[in-house]
Amino acid sequence: MTLKLVSGTANPGLALAVADALGIELTAVECEPFPDGELNVRVLETVRGADLYILQPTCPPVADNLLQLLLLADAARRAGASRITAVVPYFGYARQDRRARGRQAVAARLVADLFAVGGIQRLIVVDAHTAAIEGFSPVPVEHLSAVPLLAEALRASLDAEQVVVAPDLGAVRLAERYSDLLGLPAAFISKVRVSGEEVRVRAVTGEVAGRPVVIVDDMITTAGTVDAAARALLKAGCREGVTIAATHGILVGPAAARLRDLQPVGVITTDSAPQQSGLPFPHRVVSIAGLLAQAIDRLHNDRSLSDLISFV
Ligand code: R5P
């Protein structure tokens, strides 16, 4: 089977970097909406018999990017691709993995079901919000982790006194992974979400007084979580100037202003979704192109991915 890589419009820069790392050209597609707003996609080259990878994070605009991915998979399936793998480095809707309140939808499960219905046979994700995705997805999931890359990027700027902090209980395992990789102690925060943009801290557990902190999370969306965490940590006596690391920098709404006002030493994210330039705070982007290229290359050649996978 020939290896082919297709990109939707969500993160063409990352797709080009992955193609480059694989030493292949992107297979051409057309993604032009119809005048009424319906999405319309077409694969412009033959993919018959191919081992096809479709790179498309479902970052904002979430609904369009998700539907475009499904349409690309459908087009490829109808065009005779032999094997279709969706490379979704940022899996939107992953946070809706349960009913947090009555009468809510479990969107993460529905999205995983849609992938299967759309003809996707395997899914590659990176630091998805929930590890449970593997259990509820009807198609096999390769759950990669960018944590080793981010930890390596953080290493040079960290202090021996540094504490790794999980800004909520959902991030405890993640903080433990950073703490193991960096040989630093960990602390944890208990938070309550008040609304989509606001969170409140209940308690800080761990020794943070007089120490510099690095807050780690899977994603920053409105930055409500890291903002509340940083303020609670400062109140608990941590040193001024927090560092923040998150795999997915989905900075929307008040995120940039909140991060600017925190005056962090640095914010580090990956390019799982397109990253803005000129943000009003020190921002470093670590590319996951090499990680994705390795995963694709190994799947294509039936080789093990276990050292790339996040077993949490
Ligand atoms: C929630 O559990 C996630 O891990 C993140 O902490 C959260 O979704 C980030 O969103 P925001 O930046 O809007 O607080």
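Every number for a ligand or one of its atoms is a count from 1 in the order of the listing. What you see below is based on every heavy atom in this structure, not just the backbone, and it leaves out hydrogens, waters and symmetry mates.
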Under 4.0 Å, heavy atoms only, figure out whether ligand 1 is touched by the backbone of Arg258, its side chain, both or neither. neither
Given that the side chain starts at C-beta and the backbone is N, CA, C, O, which of these parts of Thr221 lies under 4.0 Å from ligand 1, counting heavy atoms, or is it both or neither? both
Is there a polar contact between ligand 1 and Ala223, counting only N or O atoms under 3.5 Å apart? yes
Is any side-chain heavy atom of [X] closer than 4.5 Å to a side-chain heavy atom of [Y]?
X	Y	result
Met1	Arg83	yes
Leu55	Val18	yes
Val226	Leu259	yes
Ile250	Ile220	no

For Ile220, counting its heavy atoms only, list the atoms of ligand 1 lying under 4.0 Å from any of them. 12 (O)
Would you mind running through ligand 1 and noting each atom that sits below 4.0 Å from a heavy atom of Gly224? 11 (P), 12 (O), 14 (O)
Starting from [atom], locate the nearest protein heavy atom and write down its residue, its atom name and how far away it is, to 0.1 Å.
atom	answer
atom 8 (O) of ligand 1	Arg95 NH1, 2.6 Å
atom 14 (O) of ligand 1	Thr225 OG1, 2.5 Å
atom 9 (C) of ligand 1	Met219 O, 3.5 Å
atom 13 (O) of ligand 1	Thr222 OG1, 2.6 Å
atom 2 (O) of ligand 1	His129 CE1, 3.1 Å
atom 4 (O) of ligand 1	Asp218 OD1, 2.5 Å

Could you check whether [X] pairs with [Y] (Lys NZ or Arg NE/NH1/NH2 to Asp/Glu carboxylate O, under 4.0 Å)?
X	Y	result
Asp159	Arg211	no
Asp180	Arg177	no
Arg231	Asp261	no
Glu134	Arg122	no

Can a donor-acceptor pair be found, under 3.5 Å and without considering hydrogens, that links the side chain of Asn11 to the backbone of Asp271? yes
Please state which option from Ile250, Val199, Leu169, Asp217 has its nearest heavy atom closest to atom 5 (C) of ligand 1. Asp217
Using non-hydrogen atoms of the residue, decide whether [X] is closer than 4.0 angstrom to ligand 1.
X	result
Ala171	no
Lys191	yes
Asp168	yes

